[in-house]
Amino acid sequence: MSTKLNRIAKKAQQDRKIRFTSLTHLITPAFLQETWRMLNRKAASGIDGETAKKFEEQIVERTQDIWKRLKRNQYKAPPVRRVDIPKGDGKTRPLGIPTVEDRLVQRAVARILEAIFEQDFLSFSYGFRPGRNPHQALKELRTCIVTRKVRHVSEADIRGYFNHINHDWMMKMVKHRVADPVILRLIGKWLRAGVMENGVVRRNDEGSPQGGPISPILANIYLHFVLDLWFEKRCKKWFQGEAYLIRFADDFVVCFEYKRDAEGFQLLLEERMKKFG
């Protein structure tokens with residue numbers, strides 16, 4: 001299975017404009033079982049209360065069933081179960097817990113998206129990417145400040161980022177590389193699946209619930225277009241001095257040589273963020 005993903009990754013790397021029209025065939029029972037072994041099987045249950053242990057007892061039959069429903073376009077994305085996780089400062093972070101089955105399908109699709117979009121993501125993006133971690137981001141920041149012409153630093157955290165991802169923009173961005181209708185429909189279903197809280201389902205017009213395996217890659221795709229490419233291709237042309245961006249998910253730091261560039265970037269950034277919700 002990994003060999004097939006490697007082939008897709010290589011194709012994506014060789015042709016930066018290719019759109020993949022046929023990807024669903026990768027999600028076979030064997031691929032789902034391989035993905036299952038990568039999952040955290042101690043995670044909490046979703047709205048149906050099913051445990052990973054119970055699912056694993058019927059892994060062959062269940063993956064066969066998922067595969068058949070995907071082929072017939074009969075797979076339905078259930079709402080996620082909302083839980084509030086303490087952040088340590090008296091505040092909480094809402095997490096959406098998918099069902100065990102849905103977590104598996106999300107992770108399978110996330111693996112395919114990663115194989116494609118990892119070829120596009122820029123080197124200064126560190127969050128939720130294979131082989132990358134916060135320590136590497138901190139090391140890069142230190143290198144910028146110590147060895148380059150850096151006198152000013154702009155630090156930002158996007159408030160409620162996951163809750164405000166615009167669905168229309170999100171789908172347009174995924175479509176830059178993915179044209180498989182089944183994969184696109186699945187992503188659309190997950191974005192709209194909604195949240196169950198106290199037995200009541202609330203549908204989402206915007207946002208991508210944190211907690212599901214598909215959310216990190218979708219979040220990175222969104223900011224790749226909204227922030228990373230924009231900074232690299234457009235903003236750098238406007239700056240008079242050196243400038244460097246280091247991003248970890250929705251937290252990012254920009255190092256500048258000149259204060260006027262830092263202040264100008266802040267104004268541009270606010271307008272850019274408004275445009276994308």
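Note that the structure is predicted; figures quoted are calculated from it, not measured. Atoms considered below: every heavy atom in the structure, side chains included; atoms not considered: hydrogens, waters and symmetry mates. This chain uses plain numbering: 1 for the first residue, then up along the sequence.
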Legend entry - Step-by-step side chain to side chain contact (heavy atoms under 4.5 Å, CB included) determination, Ile158 to Leu223: CA-CA 11 Å; Ile158 305 171; Leu223 280 184; 3.9 Å; yes
Inset, instruction - Would you please test Arg62 and Glu50 for salt bridge (Lys or Arg N to Asp or Glu O under 4.0 Å) and show each step? - result: CA-CA 13 Å; Arg62 295 294 292 274; Glu50 183 177 38; 2.6 Å; yes
Inset, instruction - Give the C-alpha distance, both sets of side-chain angles, the deciding distance and a yes or no for side chain to side chain contact (heavy atoms under 4.5 Å, CB included) between His224 and Leu122. - result: CA-CA 8 Å; His224 170 71; Leu122 302 185; 4.2 Å; yes
Inset, instruction - Take Leu5 and Phe31 through the side chain to side chain contact (heavy atoms under 4.5 Å, CB included) test and state the conclusion after the steps. - result: CA-CA 10 Å; Leu5 286 182; Phe31 185 80; 4.0 Å; yes
Legend entry - Stepwise side chain to side chain contact (heavy atoms under 4.5 Å, CB included) check, Val254 with Leu269: CA-CA 11 Å; Val254 193; Leu269 182 64; over 6 Å; no
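Taking a 6.0 Å sphere around CH2 of Trp230, one finds it holds more than 12 heavy atoms contributed by other residues, nucleotides or ligands. The number of heavy-atom neighbours closer than 6.0 Å to NZ of Lys139, taken from other residues, nucleotides and ligands shown, is 12 or below. Other residues, nucleotides and ligands contribute more than 12 heavy atoms inside 6.0 Å of the CZ atom of Arg16. Residue Arg234 places its CZ atom among 12 or fewer non-hydrogen atoms of other residues, nucleotides or ligands, all under 6.0 Å distant.
Of the possible polar contacts, none joining the Arg272 side chain to the Leu227 backbone as a donor-acceptor pair under 3.5 Å is found. Remark: the backbone N or O of Ile59 is paired with a side-chain donor or acceptor of Thr63 at under 3.5 angstrom. Of the possible donor and acceptor atoms, none in the side chain of Gln266 sits under 3.5 Å from a partner among the backbone N and O of Glu263. Distance alone, capped at 3.5 Å, is enough to place a donor-acceptor pair between the Tyr222 side chain and the Asn166 backbone. At least one donor-acceptor pair closer than 3.5 Å links the side chain of Gln119 to the backbone N or O of Ala115. His152 places no side-chain N or O within donor-acceptor distance of the main-chain N or O of Cys255, the cut-off being under 3.5 Å. No donor-acceptor pair under 3.5 Å is formed between the side chain of Arg177 and the backbone N or O of Val174. At least one donor-acceptor pair under 3.5 Å links the side chain of Arg19 to the backbone N or O of Lys175. Formation of a donor-acceptor pair under 3.5 Å by the Gln106 side chain with backbone atoms of Ile214 is found in this model.
The CZ atom of Arg103 sits 7.5 Å away from atom CH2 of Trp36, with the distance rounded to the nearest 0.5 Å. In this structure, Asp48 CG and Asp102 CG are separated by 9.5 Å, a value rounded to the nearest 0.5 Å. To the nearest 0.5 Å, atom CD1 of residue Ile187 and atom CG of residue Leu113 are 5.0 Å apart. For the atom pair Thr3 OG1 and Ile8 CD1, the distance stands at 11.5 Å (nearest 0.5 Å). Put simply, OH on Tyr244 and CD on Glu232 are 10.5 Å apart, with the number rounded to the nearest 0.5 Å. Separation of atoms CD1 (Ile217) and OG (Ser208) is listed at 11.5 Å; rounding is to 0.5 Å.
Closest non-hydrogen pair, Arg247 versus Ser125, comes out as NH2-OG, 3.1 Å. Taking both residues in full, the closest heavy atoms of Ala243 and Lys236 are given as O-CE, 3.4 Å, listed atom of the first, atom of the second, then distance. Listed here is the closest heavy atom pair of Ala108 and Thr35: N-CG2, 3.7 Å. Looking at every heavy atom in both residues, Pro98 comes nearest to Gly211 through CD-O, 4.1 Å. Nearest heavy atoms, Leu23 versus Asp180: N-OD2, 2.6 Å. In this structure, Gly207 and His167 approach most closely via the heavy-atom pair O-NE2, 2.8 Å.
A salt bridge links Glu140 to Arg148: at least one charged side-chain nitrogen sits closer than 4.0 Å to a carboxylate oxygen. Ion pairing between a basic and an acidic side chain is recognised when a charged N comes within 4.0 Å of a carboxylate O; Arg107 and Glu114 show such pairing. With respect to Lys274 and Glu270, no salt bridge is recorded, no charged nitrogen being found less than 4.0 Å from a carboxylate O. Salt bridge status for Glu56 with Arg41: present, with a side-chain N to carboxylate O gap under 4.0 Å.
Between Phe231 and Phe124, the two ring planes are perpendicular [angle over 60°; tilted spans 30° to 60°].
Side-chain atoms of Leu191 and Leu218, non-hydrogen and from C-beta on, do get closer than 4.5 Å to each other. Side-chain atoms of Glu242 and Val150, non-hydrogen and from C-beta on, never get closer than 4.5 Å to each other. In this structure, Phe55 and Leu104 have side chains that are in contact, with non-hydrogen atoms separated by less than 4.5 Å. When side chains are defined from C-beta on, Asn220 does not count as touching Asp228, because their heavy atoms never get closer than 4.5 Å. Proximity of Ile27 to Ile112: side-chain heavy atoms (C-beta onward) are separated by under 4.5 Å at one or more points.
A cation-pi contact, defined as under 6.0 Å to the ring centre and within 45° of the axis, is absent between Arg69 and Tyr75. Figure legend: Arg129 and Phe121 shown without cation-pi pairing, the cationic atom not lying both under 6.0 angstrom from the six-membered ring centre and within 45 degrees of its axis.
The hydrophobic cluster containing Phe248 also contains Ile145, counting ILVMFWY residues as joined when their side-chain heavy atoms lie under 4.5 angstrom apart, directly or transitively. Both Val226 and Trp238 sit in one connected hydrophobic cluster of ILVMFWY residues. Membership requires side-chain heavy atoms under 4.5 Å apart, directly or through other members. Residue Val105 is grouped with residue Leu39 when hydrophobic side chains (ILVMFWY) are merged at heavy-atom distances under 4.5 angstrom, including chains of intermediate members. Under the 4.5 Å side-chain contact rule for hydrophobic residues, Phe276 and Met171 share a cluster. A single hydrophobic cluster is seen to contain both Trp190 and Val100, as judged by linkage of ILVMFWY side chains at heavy-atom distances under 4.5 Å, directly or through other members.
Under the 3.5 Å distance criterion, with hydrogens and angles disregarded, no donor-acceptor pair is assigned to the side chains of Tyr161 and Asp251.
No close placement of the Phe225 and Trp169 rings is indicated, their centers lying 6.0 Å or farther apart. Taking the six-membered ring for Trp and the full ring otherwise, Phe239 and Phe256 have centroids separated by under 6.0 Å.
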